[in-house]
Every structure is written in C-alpha cells, then in structure tokens.
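First the structure, in the form of structure tokens, and then the observations on it.
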Amino acid sequence: MATLSPQDIRILEHTRQRLAQLTNSLASLQQQIHTIEPLPPWSSLHSLSQIISQNLASVSAHLTTHGPLLSSLVAYPLPLYPGREQEPVLNQLLRKKFEPHVEDWVEEGRLAGEEVVKKDGGRGTDEITDLWEWAGIAANEQARKHEWGGDYTADEIEGGIENVVTGLRDDESDEEEGEKEDQEGAWLAEWEGQENKKPEEGGGKSLSMDDMLRFLVRGEEPKE
Amino acid sequence: MHELLLFGAIPPSRHTQLLNILSGISSMQPRPIRSEKHLVFKPNRPPGSVGSLKVGGAQDVNVHKSQIQAHALGDLFYMQLVAEVEEGKEEEQWVLQFRDLPEVARQRGVTSRLVADVPVTSGDPMEFMKALNYSHVSTYTISGHRFTHHSASLVLYRVTLPPTAVRSDSTSGGLPQARLLDPSGTYILQASVRVQDGSKVETMTKGVNELLGLKETLKGVVELEIGDRLALDTRVR
C-alpha cells in the first residue's frame, strides 16, 4: 500500500484520541461505581452516561466518515519492534478476528438494531395507534381549556367584523348568515348553485386525463 | 408565443379544499370563470386535393400523391373560437386560438407548445371561419376559477357539454340539460406559464423552473403532470 499522507495520519491520530477519551470516561464511571458507597448520586451517574454516549457518538461518526480509509489500513510490525518483550500487545495488534466475547457484543448489537428497524422507530404499530388515539383527545382537552381569539385585528373589530373579507366560506355559514352574505360569499354561493343544478353530479365513472385533453383540443367526445 | 403547461385532476369532493389552498398559495381570491365558450373548428381538406394529381399511369401514384400533399399543404390544424359568454350580454369578445402540437418533452418535464391568440375585432367570426374553409365540429363550455401566482396562471375548471336536444318521441327527459364531459365531475387544474419568445433558452428555462417550482409546492395536494403529447395533438388526421 502507498505511504500514508499527513492527512491520513491525522485521521488515525483523531481516532486514537477519541477512543482514549471514551476509555477514560468509561474508566471513570467504573471507578466511581467501585469506590463510592453505596452508589454515586444519580446526577453524577447521569452526567457520566451522557458524556459516554457523546463519546460513543463521536467515535461512531468518525469511524463512519473515514470508513474507507480505516478499513483499507493494515497493521504490521517494523523490524525494530521489540517483539519478544511486547508479545501480548503485538498479538493484539495483529489479530484480525474479534475476540470471542467481542463477537458476542457485535451479534447482540446487530440483533438490537434489527429489532429497532422492524418495530417502526422503536414502537410497535399497536403502540403508535394507542398513542394517536390518546393524542387526539388529549390535545382537544387541552385546547378546550384555552380561550381562543385573535381572528380579527383591532382595526377590523372597530370597523365591524361583518365587513371583513375573509375569503372562502363554508356552506354552513352561508346558510346561517343567509342575508348578510357579502359579495365575496356571493360568487361561491352562485357557484354552488350552479353545481346543484348540474345533473349526474358525482355519478358515473371518470374519464382519463388523456381523454379529456383530447376532447379539449379536438372536440372529439371519448367513445363509450 | 410559447405556452408551458402542467395538468392535474381533482375529484369534485376536493374542489372547495383546493380553492382554499390555491387561494392561500397565490394570496388572491379566485377569479371566477363563469362560462367560457369554446367552438372547435376543423379545416376542410381543399376540395380536389385528393385525386386531382392523377396524371399519367404511375404505379406508386398513391405514395407519390400523399408525399406531394404533405409537402404542398403541410399539416392542417384544428382551431378554436373562444369567448366568455354571459347571459344578457350581447357583445362577446371572441378570440381565435391556435395551439400547435406540443414539442417532444425530452428532459424538460413540462408540456411546451406554440400558441397564438388572435382577438376578433370586427366582423362575424363564424363567417370568417367559413371563409377560411373551416367547419364547426363541436362546442363546449369551461367554468371554474383562475388564480395567478407570480408568472404562472392556474385554472381550476371543468368542461360542460351543450344540452342534447330533447327527444320528441320519448316521455323521458324533459328540459334539455347541460351535462359534464366527465360524468364523475372531475376538475382539471391547468398550470401554465407563457413565454413570449420560445427560441430564447434563458426565458424558457426560467418559465420551466417556475412551473416545476409550482409543481413542487403543490406536491401532495395535487400531482401536476405533463400532458400527453399525442392527446394534445391538434393536427387533423
């Protein structure tokens, strides 16, 4: 393999630093648990676990970003390396397979990950249905406790809200207000009126867009 | 003038909702199109164009003939007379509309076609069409609403066919009634941008991008699609 560029070495150095931070924080958690009786206060446990999860996330992000480089690297001892004195370290460095207990961790993690994906973001379908059934009613209950307002500006209220042009109206308010109908409502009402006069409303099967376009440009009625 | 187009279909149940949405997007009240009448005209083949070239006894006379015809006449196109008609209003402003066969879309993603609208300023449009050797083939009416959003025009409409004649030999029926082209009452949403000079790549791209932007905005509300080129074919076949 080609010699490493300074940038590659920097990446390796970063990896080392992040791993060192992670082991440090893990070690300090371990140490606290061992030394403080009966157990360290929950607040310090919480902050430690937060630090660890941050470290883990940064290691994982770093490994993912530089995955192509890191997976293409090979470790080998230089002739000057004191192989006899440092044999255990050398063995560990040159080992390509995971240690058996590490393999177990990987398997556990993979299974946990699969379960998360399967369960739709960690929640089962039933759970989500329950949540939504509850949420609709709960949100409504909360909304009822508030007094809603502010539909009109102060100017509009002064000028009388009947004259405010609000745009479209729904059918019900058209019926209720009947006579008060302003001009804006009028066209819609008229439109709806036309609608009702039209026969075959809503019945029959629909034409394809192509058939309609064909008629629009050439006036050929689609064949039944 | 070039016209860039996208089409979408909306079931009648969603009509009011769509009016609201379009009103919000374009920040304007819908402009009603109460009744826009379209008269479709088809050119009559020049009499004698078929068969008049039978000179000599060439065996491939038919092939020869159609080739000459194509060269001499080019394609013939449908045209329309369009006007907004209102009850009790005598003067109608008719416009003669020409629509070319849409260009091959390639990567553009929108329908693009050459259009020409010529206002009829005086005279009888029907007589004029007759003099052009065009004959009337059908009539329909468009009603709906128009919105303008930046340079794009959005028209939500549906097509009504003229009432069919009341059958005198039948007890069923009654008053003649207009009917919808699409029995289920589907509305068409037509989004268009017009470009003065279709040969200017820059302005065309701008127009296309605006239309595609609109398509993106309306994503999930109504799917705007390119119109089928052959369905929009205005050539006489």
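Throughout, a chain's letter reflects where its sequence line sits, starting with A, and its residues are numbered from 1. In this text the structure is predicted, and so the values were computed from the model without any measurement.
- Remark: B/Arg14 CZ is packed, more than 12 non-hydrogen atoms of other residues, nucleotides or ligands lying under 6.0 Å away.
- A/Phe215 is not listed as a side-chain neighbour of B/Asp182, based on a closest heavy-atom distance of 4.5 Å or more.
- Crowding of B/Arg194 atom CZ: a count of heavy atoms from other residues, nucleotides or ligands under 6.0 Å exceeding 12.
- A donor-acceptor pair under 3.5 Å is formed between the side chain of B/Gln80 and the backbone N or O of A/Leu216.
- For the pair A/Asp210 (side chain) and B/Ala231 (backbone), a donor-acceptor distance under 3.5 Å is absent.
- By the salt bridge (Lys or Arg N to Asp or Glu O under 4.0 Å) test, A/Glu13 is found to be paired with A/Arg16, residues two or more places apart in sequence or in another chain being considered.
- Of the atoms belonging to B/Leu230, it is backbone heavy atoms, and not side-chain ones, that fall under 4.5 Å from chain A.
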Next item on the list: Show your working on side chain to side chain contact (heavy atoms under 4.5 Å, CB included) between B/Arg113 and A/Val217 and close with a plain yes or no.
Entry: CA-CA 13 Å; B/Arg113 65 184 181 186; A/Val217 295; 4.1 Å; yes

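- Counting only heavy atoms from C-beta outward, the side chains of B/Ile188 and A/Met209 approach each other to under 4.5 Å.
- For chain A, the option among B/Val159, B/Leu181, B/Val236 with the highest count of heavy-atom pairs below 4.5 Å is B/Leu181.
- Among B/Asp233, B/Thr139, B/Leu39, the residue making the largest number of heavy-atom pairs under 4.5 Å with chain A is B/Asp233.
- A 6.0 Å sphere centred on CZ of A/Arg95 holds more than 12 heavy atoms belonging to other residues, nucleotides or ligands.
- Surrounding CZ of A/Phe98 are at most 12 heavy atoms belonging to other residues, nucleotides or ligands under 6.0 Å away.
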Check: Could you walk me through whether B/Thr234 and A/Arg218 pass the side chain to side chain contact (heavy atoms under 4.5 Å, CB included) check?
Finding: CA-CA 6 Å; B/Thr234 45; A/Arg218 290 198 293 273; 5.6 Å; no

